[in-house]
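Contents: one structure, followed by commentary.
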Number of protein chains: 2
Amino acid sequence: MNIGEAAKASGVSAKMIRYYETTGLIPKAERRDSGYRDYSPADVHNLRFIRRARDMGFAVAEINELLGLWRDRSRHSADVKRIASAHVEQLSARIAAMEEMRSTLQTLIGCCAGDDRPDCPILADLEEPGVAVRPDAQARLRERAITNRRG
Amino acid sequence: MNIGEAAKASGVSAKMIRYYETTGLIPKAERRDSGYRDYSPADVHNLRFIRRARDMGFAVAEINELLGLWRDRSRHSADVKRIASAHVEQLSARIAAMEEMRSTLQTLIGCCAGDDRPDCPILADLEEPGVAVRPDAQARLRERAITNRRG
DNA sequence: ATGGGGCTTGCCATCATGGCAAGGTCAAGG
DNA sequence: CCTTGACCTTGCCATGATGGCAAGCCCCAT
């Protein structure tokens, strides 16, 4: 199986398959006389595992650990669970940070006329945080944003 | 004002101030005879705007647009609002993608004993999606989105 | 005048991915 | 058999925002 076929079958691009090989995430592929890499169904199975883990947001270093545990028949599921839990924590932290950004921006957007006049609470807040929108107005707007998405 | 003082006053690291200068986000700083960059309070004001916009997750290219509108006294607030709204959309998309990852992982984690035995639904799902857990969680992950960028 | 801290530039690294280019290989059809 | 087009190879460059390191110069206080 050529790298292009393996790519289609696994969902991992040929470019990334080569990259994973150079970084040691996957073993070096067999080569044919032509120099072409040759992949077995087992290799594709491996790649699909990687692809799936990437889809869940795991970093390559974490996937390396997961692959090790996957291969280790005497693994402890606690180790897998610990990696996954740490990743969930990381996801939660990033989600929270982005939600805070979004909330702030939605408040400001809700205060912006969005017409052809120059006055803009969004710019005003970037210039001097908290001056353009008083906290109580912010709180009201946040409530509306949550309960009624068209404020 | 030296770059270090400007950095402290603005919250932007000296390194990033130089970077913003090379990329043209901010104009080239005045230089003293020694070659040291010299910053005015207005420069710091500029940098704080940038810092704040970064805190809200705007990319540097977007901040460039925002700075242009900030300086333009004949701007239309609609243009600012459009940029901010687009960014909120982007944040929402990333948040949704990460929430789906988290949801899937939490389901799997909830099915994992987390002990010293090797059986692990997390690995099982990475190997063969949807076999270890209910099918509805599987359907969600099929949608794959761009998720790894910082907000 | 000396020492320590700040400034300069420049280069490297991150992380996962895409793109481009020059050249070799394979398979199908004339 | 030869051409053609699709595919493979390696290698280098770019991304985006940030940190680190290093060699060398500058400034101020003792």
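Protein chains get the first letters and strands the later ones, always in sequence-line order, with residue 1 at the start of each.
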> B/Arg37 near the nucleic acid: base, sugar-phosphate alone, or nothing, with a heavy-atom cut-off under 4.0 Å?
Replying inline: sugar-phosphate
note: A/Leu25, atom CG; C/dC15, atom P; distance rounded to Å ~ 13 Å
Interatomic distance, CD1@B/Ile63 vs CZ@B/Arg51, rounded to 0.5 Å, equals 10.5 Å
From CZ of A/Phe58 across to C1' of C/dA16 the rounded distance in Å is 17 Å
Whole-Å distance, A/Asp38 CG to D/dC7 C1', equals 14 Å
Closest of C/dT17, C/dT9, C/dA16 to the B/Arg18 side chain is C/dT9
(message) Looking at A/Ser13, I'd like to know whether one of its side-chain N or O atoms comes within less than 4.0 Å of OP1 or OP2 on C/dT17.
(response) no
Whole-Å distance, B/Glu21 CD to C/dC7 P, equals 14 Å
When B/Ile83, B/Ile50, B/Asn64 are each screened for side-chain contact (heavy atoms from CB on, under 4.5 Å) with B/Phe58, the one that passes is B/Ile83
- Message: For a quick check of understanding: with a heavy-atom distance under 4.0 Å over all strands, which category does A/Ala14 fall into, base, sugar-phosphate or nothing?
- Response: nothing
Practice item. Look at the aromatic rings of B/Phe49 and B/Trp70 and report parallel, tilted or perpendicular, splitting at 30° and 60°. Key: parallel
Rounded to whole Å, CE of A/Met1 lies from C1' of D/dC8 at a distance of 15 Å
Taken to the nearest whole Å, CD/B/Glu5 to P/C/dC7 is 7 Å
Per nearest nucleotide of DNA chain D, the residue lying toward the 5' end, B/Asp33 or B/Val60, is B/Val60
CD of B/Gln106 to OG of A/Ser85, rounded to nearest 0.5 Å, is 9.0 Å
Out of D/dA17, C/dG18, C/dT8, minimum distance to the side chain of B/Tyr19 belongs to D/dA17
Quick one: which protein N/O atoms are closer than 3.5 Å to N/O atoms of nucleotides 23-26 of chain D? Pair and distance per line, please.
| unit_1 | atom_1 | unit_2 | atom_2 | d |
| --- | --- | --- | --- | --- |
| D/dC26 | O2 | B/Tyr36 | OH | 3.4 |

* Asked: So what does B/Arg31 touch, heavy atoms closer than 4.0 Å: a base, only the sugar-phosphate, or nothing?
  -> sugar-phosphate
**OP:** Determine, for B/Asp79 against B/Arg82, whether the closest basic-nitrogen to carboxylate-oxygen distance falls under 4.0 angstrom.
**Re:** yes
Of the listed C/dG6, D/dA17, C/dT17, the closest approach to the B/Asn2 side chain comes from C/dG6
Please test B/Arg117 against B/Asp115 for salt bridge (Lys or Arg N to Asp or Glu O under 4.0 Å), starting from the C-alpha separation and ending with a verdict.
-> CA-CA 6 Å; B/Arg117 289 171 299 173; B/Asp115 56 18; 2.5 Å; yes
Taken to the nearest whole Å, CG/B/Asn64 to P/D/dA17 is 11 Å
note: A/Lys28, atom NZ; D/dT9, atom P; distance rounded to Å ~ 14 Å
- Query: What about B/Tyr36 and B/Leu47, same hydrophobic cluster or not, with Ile/Leu/Val/Met/Phe/Trp/Tyr joined at side-chain heavy-atom distances under 4.5 Å?
  - Reply: no
- Are B/Arg54 and D/dT18 close enough that a side-chain N or O sits under 4.0 Å from OP1 or OP2? yes
